[in-house]
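None of these values were measured; they are calculated from a predicted model. Counting convention: from 1, in listed order, for ligands and their atoms alike.
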Amino acid sequence: MAARVSTAFSIPMLMILFITLVYEAHAEFPQPTGRQTTYVFYLQDTTTGPNATVAAVAGIKGRNWNFNTFGSMFVVDDPVTVGPSPSSAIVGRAQGMLVVSSRDGTNVNAVLSVVFSSWQYNGSTLELQGINRQNENVRTLSVVSGTGQFRFARGYAALQTVAYDPVSARSTVRFTITLQI
Ligand SMILES: *[C@@H]1O[C@H](CO)[C@@H](O)[C@H](O)[C@H]1NC(C)=O
Ligand SMILES: *[C@@H]1O[C@H](CO)[C@@H](O)[C@H](O)[C@H]1NC(C)=O
């Protein structure tokens with residue numbers, strides 16, 4: 001009985017000592033602070049024409065491969081700009097895949113990398129994943145990770161269409177990324 005009590009007590013004590021030693025050994029590592037940082041960018045998305053940035057690459061045989069058809073798969077390479085104007089400075093590109101993944105055609109599963117090419121974030125990426133609920137005004141994706149300056153990033157990205165030009169088939173989507181650093 002006495003031995004059991006002593007064991008149950010001494011293991012946590014050893015663990016606390018061990019954790020303390022590990023913390024002291026890595027004291028230079030940044031500690032989570034719960035601080036949030038928000039970035040606002042714009043996606044410039046062109047669906048048709050010679051400069052299309054989205055292309056349907058697969059789908060269910062015999063059906064139209066569009067954004068309302070279950071099973072349709074798209075590859076994306078959208079410029080990401082600092083301002084809403086398509087001619088504003090490009091900070092990178094959103095590259096990846098979209099799959100219409102609900103049978104009623106309303107939800108699109110997105111797997112996107114934001115590949116930064118200018119600014120202080122050149123060479124870094126943010127990895128986004130989640131369900132794009134097409135009928136909602138503001139759609140939210142998870143930020144699951146990143147590379148370079150965004151290593152271990154986590155947070156979420158809100159997408160809201162702010163402009164659509166039917167002549168060029170181009171839409172501008174405000175892209176608000178909130179990260180916990
Ligand atoms: C496609 O892009 C090229 C090069 O930027 C431009 O000259 C051309 O006008 C664009 N075409 C359309 C249809 O927007
Ligand atoms: C970004 O990095 C690439 C590769 O290192 C380099 O070639 C390019 O000039 C850089 N661009 C900017 C805007 O710094």
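In this model, a donor atom of one side chain and an acceptor atom of the other lie less than 3.5 Å apart for D78 and T53. T125 and E127 form a side-chain donor-acceptor contact under 3.5 Å, judged by distance and modelled atom types alone.
Partner of V173 under the side chain to side chain contact (heavy atoms under 4.5 Å, CB included) criterion, out of R139, Q160, Q44: R139 alone.
The aromatic rings of F74 and F67 lie parallel to each other, with less than 30° between the two planes, well short of the 60° mark.
Checking side-chain atoms of S118 against main-chain N and O of I90 turns up a donor-acceptor pair under 3.5 Å.
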List below, pair by pair, the N or O atoms of ligand 2 and of the protein that are less than 3.5 Å apart, including the distance to 0.1 Å; reply 'none' if no pair qualifies.
from     : atom 1 : to   : atom 2 : distance (Å)
ligand 2 : 2 (O)  : N122 : OD1    : 3.4
ligand 2 : 2 (O)  : N122 : ND2    : 2.3
ligand 2 : 11 (N) : N122 : ND2    : 2.8
ligand 2 : 14 (O) : N122 : ND2    : 3.2

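Within a 6.0 Å sphere centred on CG of N66, other residues, nucleotides and ligands contribute more than 12 heavy atoms.
Residue contact check: N51 has heavy atoms under 4.0 Å from atoms 1 (C), 2 (O), 3 (C), 8 (C), 10 (C), 11 (N), 12 (C), 14 (O) of ligand 1.
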